[in-house]
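What follows is one structure encoded as structure tokens, with my remarks underneath.
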2 protein chains.
Amino acid sequence: MAKYRNIIDEFTTLTKALADGQRVRALRYLCEGEMCLCQLIEMLGLAPSTVSKHMSILHQAGLVESRKEGRWIYYRLAESGGDVKLAGTIRWLREYLEAELMGEELTKLREIRRMKRESFCSHYQR
Amino acid sequence: MAKYRNIIDEFTTLTKALADGQRVRALRYLCEGEMCLCQLIEMLGLAPSTVSKHMSILHQAGLVESRKEGRWIYYRLAESGGDVKLAGTIRWLREYLEAELMGEELTKLREIRRMKRESFCSHYQR
DNA sequence: ACGATACTTCGCCATATAACGAATTATAAG
DNA sequence: CTTATAATTCGTTATATGGCGAAGTATCGT
């Protein structure tokens, strides 16, 4: 996570990142484990460029980490030690959201997460 | 706190309320105890109508409570039991912000908080 | 080398939000 | 009753943000 001049800037970088429903949906999915961008695109039902921007905002805020594997970029909730305050934020986030995933949305998430890249990623252009 | 259709709406009502530097400054001041609106106006250096709107947003999100005493409305961080998730949010908020108040800003806050309404409130119109 | 796939960057547009001042309401003081 | 103070509501304006598609970059498969 970047350095900030003061605690307010640092804090509002986090809260602004969390102040959008689509980004929160993405984070809730990531509570279940890492996902590549095209899986998130499918779950969110938004344009690739939009989801990419959302994930970039979450990444800049330090809330998610990513790894590249071939053509795919996998995102996961940030876990890496170091920052105590960030860790507290992620804990709060998980406690708030984790229990409440259900219905069709959960079914779809499981389905998409089960599919490997070979069988899934290829039909997301709309 | 109001009822929400789903957890995402509930959560983003909180995070949107927290996604503004001036509102976070106000909350940080309230970590030190209750304050009336005109004290917050003085600390924030914004127009009365603007601060009133900010406090109304924080109140709607359930983050602050208020009590009326004569002409004054006193705001405080929400403490009232009941909602476990809200309590967790306030705890997270306090842990994040509480330690970091210092310098001129702290001096000014103490000064304003020490003044009673008789001696203070009367010169905030600008 | 070439085309396809995964993702990012950019520019545009629509909507949301923060700020102010003017007008209004409520309470206290003279 | 009239004036002053504390706070709210409303209308306006400037800026921020979320959405998209088009174009660009990177990597893989053939």
Side-chain angles (χ1 to χ4, degrees), chain A residues 8-9 12-26 34-61 64-75 112 115-126, chain B residues 8-9 12-26 34-61 64-75 112 115-126:
Chain A
I8 304 287
D9 287 351
T12 56
T13 297
L14 278 173
T15 52
K16 279 173 202 266
L18 293 170
D20 176 88
Q22 308 290 16
R23 286 196 288 271
V24 175
R25 286 179 65 203
E34 70 172 16
M35 292 172 75
C36 69
L37 193 77
C38 60
Q39 290 175 312
L40 289 163
I41 287 164
E42 181 67 22
M43 281 304 294
L44 294 173
L46 296 171
S49 60
T50 305
V51 179
S52 176
K53 186 81 200 312
H54 280 316
M55 298 315 292
S56 139
I57 289 167
L58 291 173
H59 188 258
Q60 272 208 280
V64 303
E65 295 163 351
S66 62
R67 68 184 177 86
K68 187 166 187 177
E69 184 179 316
R71 278 174 286 184
W72 296 277
I73 297 199
Y74 284 86
Y75 288 98
I112 285 178
M115 292 189 193
K116 281 288 109 196
R117 30 195 185 292
E118 290 78 24
S119 59
F120 172 73
C121 305
S122 65
H123 56 293
Y124 81 93
Q125 295 287 354
R126 61 200 72 244
Chain B
I8 304 287
D9 286 350
T12 56
T13 296
L14 279 173
T15 52
K16 279 173 202 270
L18 294 169
D20 176 87
Q22 309 289 16
R23 285 195 291 270
V24 174
R25 285 178 65 204
E34 70 172 15
M35 293 172 74
C36 70
L37 192 77
C38 60
Q39 290 175 313
L40 288 164
I41 287 163
E42 181 66 22
M43 281 303 294
L44 293 173
L46 296 172
S49 61
T50 306
V51 179
S52 176
K53 186 80 199 311
H54 279 316
M55 298 315 291
S56 139
I57 289 167
L58 291 173
H59 188 259
Q60 272 208 280
V64 303
E65 295 163 352
S66 62
R67 68 183 177 87
K68 188 166 187 177
E69 186 179 317
R71 278 176 285 187
W72 297 277
I73 297 200
Y74 284 87
Y75 287 98
I112 286 178
M115 293 187 194
K116 281 287 109 195
R117 28 195 187 293
E118 290 76 25
S119 60
F120 173 72
C121 303
S122 65
H123 57 292
Y124 81 92
Q125 296 287 355
R126 57 199 75 247

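For clarity, every value in this text was computed on a predicted model and none was experimentally measured. Chain identifiers are assigned alphabetically (A, B, ...) following the order of the sequence lines, protein sequences preceding nucleic acid strands; residue numbering begins at 1 within each chain.
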How many whole angstroms separate atom [atom1] of [X] from atom [atom2] of [N]?
X	N	atom1	atom2	result
B:Leu40	D:dT8	CG	P	11 Å
B:Ile41	D:dT8	CD1	C1'	11 Å
A:Gln60	D:dT17	CD	P	12 Å
A:Leu44	D:dG18	CG	P	13 Å
A:Ile73	D:dT25	CD1	C1'	11 Å
B:Leu37	D:dT5	CG	P	16 Å
A:Gln39	C:dT5	CD	P	17 Å
A:Tyr74	C:dA6	OH	C1'	11 Å

Which pair of heavy atoms, one from [X] and one from [Y], lies closest together, and at what distance?
X	Y	value
A:Thr15	B:Ala19	OG1-CA, 3.4 Å
A:Ile41	A:Leu46	CG2-O, 3.5 Å
A:Ala17	A:Arg23	O-NE, 2.7 Å
B:Leu14	B:Ala61	CD2-O, 3.6 Å

(message) So does B:Cys36 get a backbone contact from the side chain of B:Gln39, meaning a donor-acceptor N/O pair under 3.5 Å?
(response) yes
(request) Examine distances only and state if a side-chain atom of B:Ser52 and a backbone atom of B:Pro48 form a donor-acceptor pair shorter than 3.5 Å. (result) no
(request) State, with a plain yes or no, whether a side-chain heavy atom of B:Met55 is found less than 4.5 Å away from one of B:Leu58. (result) yes
(message) So B:Arg25 and B:Leu44, do their side chains get closer than 4.5 Å, heavy atoms only?
(response) yes
Could you go over nucleotides 10-19 of chain C and give all protein N or O partners under 3.5 Å, atom names and distances?
| unit_1 | atom_1 | unit_2 | atom_2 | d |
| --- | --- | --- | --- | --- |
| C:dA18 | OP1 | B:Arg23 | NH1 | 3.2 |
| C:dA18 | OP1 | B:Arg23 | NH2 | 2.7 |
| C:dA19 | OP2 | B:His54 | NE2 | 2.3 |

(request) Enter the distance from A:Arg67:CZ to A:Glu34:CD here, rounded to the nearest 0.5 Å. (result) 4.0 Å
Review item, nucleotides 26-30 of chain D N/O atoms under 3.5 Å of protein N/O:
| unit_1 | atom_1 | unit_2 | atom_2 | d |
| --- | --- | --- | --- | --- |
| D:dA26 | O3' | A:Lys68 | NZ | 3.4 |

